[in-house]
Amino acid sequence: MDEFDLIHSITPHSHYHPSVDVGIGDDGAVYTASPHMQQIVCLDTMVENVHFKLEYSSPHDIGYKALAVNISDVAAMGGIPKFYLVSLAVPSCWQKADVQAMYEGMAELAKLYQMDLIGGDTVSASGQAVITVTVIGEVEKDCACLRSSARPGDVVFVTGDIGSSAAGLSLLLGETLPSAFHTTDYFIRKHKRPVPRVQVGRFCSQLQRAALNDISDGLASELHEIAGASSVTIEIEEQLLPVHPDLPEANSEWKKWVLFGGEDFELVGTVSQQEWISLLDYCTQSGIPIAKIGAVSERKEACVLLTANDQRQIVLEKKGYNHFK
Ligand SMILES: Nc1ncnc2c1ncn2[C@@H]1O[C@H](COP(=O)(O)OP(=O)(O)O)[C@@H](O)[C@H]1O
Ligand SMILES: Cc1ncc(C[n+]2csc(CCOP(=O)(O)OP(=O)(O)O)c2C)c(N)n1
Ligand SMILES: [Mg+2]
Ligand SMILES: [Mg+2]
Ligand SMILES: [Mg+2]
């Protein structure tokens, strides 16, 4: 594989956004930012054997997910994703076609959101493959949905279902065996091909106030981040958590997947009770699943409480995915 030949082959012939003044091919990309908008910049890395395994992830899957998780961070800010840059460390055993397939995975999602690839970097790796994606987005001035925006009395909500991605991972790793009860393909798809909730983020950015976070490390961890940033106590109810009906049949550990599993890439957030009505209305009309899972209490201490199905209230630990634990 030749580095320059590879870069040439993945260079787009045209851009969705005419605001790209200089794309791939110079020392840096140049774009003209829209007036009245603030720029959002996100970066997340995926490492072979930490975030994916080549046994079950194709290069297309890896590319798709590396861009999806970054778009998810833009969605959690309430933004519109516009541009992306890709840094690749490629093991020498990879073929040019494998790398191109990764870019096709990203292009699939980029087409959906009309995003332009405007740069990156390509190096050889002596060990595992690493892909780092940077996404640049934008949001109307002062409309970003910050983790610090939760207030007492707010409704706490989550989109989609949670725990399914962790179930998919467990199936892929062979820790959970497929059976007639579970929707194996659905869980695996939730793990490999998460769909970022950009529409919901955009709707929230137009509200008076919304706190948002995307679920990468797990529901408990993300709720703690909102509680900490807003200095509030969040109270959620186990019976309100949206889970796929087949999840409890999959494995006795399913409740851990829901609270601490992570990589759902759903949005969790808080809005005022009044604005919850319009958010629920919007999602219902758009066919986007969303559920109220609790409320922000009047206590001013950063804490997350869970009312279990037996009605006992417990402190929900800040457990979840942590790279060094
Ligand atoms: N190595 C790093 N250097 C600088 N900033 C970092 C680094 N790692 C994480 N951050 C920043 O810390 C914050 C939390 O990161 P992270 O938990 O990865 O967020 P997310 O779950 O939204 O991807 C973000 O603002 C991120 O940009
Ligand atoms: C082989 C493998 N083992 C474990 C996991 C689970 N996992 C890896 S990283 C992660 C958390 C999300 O990734 P991170 O890099 O922390 O994203 P961020 O929080 O920065 O968005 C989880 C649940 C996985 N996806 N693949
Ligand atoms: Mg991150
Ligand atoms: Mg992230
Ligand atoms: Mg993380």
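Read the numbers this way: they start at 1 and go in the same order the structure lists the ligands and their atoms. The figures here come from the full heavy-atom set of this structure, side chains too, leaving out hydrogens, waters and symmetry mates.
Considering V99, V47, L88 as possible partners of I131, the one that fulfils the side chain to side chain contact (heavy atoms under 4.5 Å, CB included) test is L88.
Scanning all protein heavy atoms for the shortest distance to atom 1 (C) of ligand 2 gives Y56 OH, 3.6 Å. Ranking protein heavy atoms by distance to atom 6 (C) of ligand 2, first place goes to E263 OE1, 3.2 Å. In this structure, the protein non-hydrogen atom closest to atom 20 (O) of ligand 2 is D44 OD1, 3.0 Å. Closest protein heavy atom to atom 14 (P) of ligand 2: H323 NE2, 3.3 Å. In this structure, atom 3 (N) of ligand 2 lies nearest to the protein heavy atom V50 O, 3.5 Å.
The two atoms that bring N213 and R147 nearest to each other are OD1-NH2, 3.2 Å, heavy atoms only. The two atoms that bring K82 and S19 nearest to each other are NZ-OG, 4.3 Å, heavy atoms only. The minimum heavy-atom distance linking A33 with Q39 is given by the pair CB-NE2, 3.5 Å. Closest heavy-atom contact between S278 and F203: O-CZ, 3.6 Å.
Ring geometry for H244 versus F187: interplanar angle over 60°, hence perpendicular rather than tilted (30 to 60°).
Sorting the N, O or S atoms of D73 by how far they are from the Mg ion (ligand 4) puts OD2 first. Nearest to the Mg ion (ligand 3), among the N, O or S atoms that D44 has, is OD1.
Here is the list of ligand 2 atoms found below 4.0 Å of a heavy atom in D217: 11 (C), 12 (C), 16 (O), 19 (O). For ligand 2, the atoms lying closer than 4.0 Å to a non-hydrogen atom of G261 are 23 (C). Listed by number with element, the atoms of ligand 2 under 4.0 angstrom from any heavy atom of H191 are 25 (N).
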For this session: Would you check, one step at a time, whether the test side-chain hydrogen bond (donor to acceptor under 3.5 Å, both in side chains) holds for E238 with T307?
Result: CA-CA 6 Å; E238 186 179 352; T307 303; over 6 Å; no
For this session: Report the C-alpha separation of Q274 and Q208 in whole Å, then their side-chain angles, then the decisive distance to 0.1 Å, and conclude whether the side-chain hydrogen bond (donor to acceptor under 3.5 Å, both in side chains) test is met.
Result: CA-CA 10 Å; Q274 216 179 354; Q208 287 277 315; over 6 Å; no
For this session: Kindly indicate, with the supporting measurements, whether the criterion side-chain hydrogen bond (donor to acceptor under 3.5 Å, both in side chains) is fulfilled by T233 and E301.
Result: CA-CA 6 Å; T233 294; E301 183 192 340; 5.2 Å; no
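The shortest N or O to N or O distance between H51 and ligand 2 is under 3.5 Å. In terms of polar-atom proximity, S216 is counted as a contact of ligand 2, with an N or O under 3.5 Å from an N or O of the ligand. Not a single N or O atom of D73, backbone or side chain, sits closer than 3.5 Å to an N or O atom of ligand 2. Taking only nitrogen or oxygen atoms, main chain and side chain alike, K53 does not reach within less than 3.5 Å of ligand 2. Checked against a 3.5 angstrom limit, the closest N/O atoms of T45 and ligand 2 fall outside it.
In M46, neither the side chain nor the backbone holds a heavy atom less than 4.0 Å from any atom of ligand 2. Contact annotation: for L169 versus ligand 2, heavy atoms closer than 4.0 Å belong to the side chain alone. Contacts between F265 and ligand 2 below 4.0 angstrom, taking non-hydrogen atoms only, are absent altogether.
The side-chain heavy atoms of T122 and L6, taken from C-beta on, include a pair separated by under 4.5 Å. Counting only heavy atoms from C-beta outward, the side chains of V243 and D161 never approach each other to under 4.5 Å.
When distances to the Mg ion (ligand 4) are checked against a cut-off of 2.8 Å, D214 contributes no N, O or S atom below that limit.
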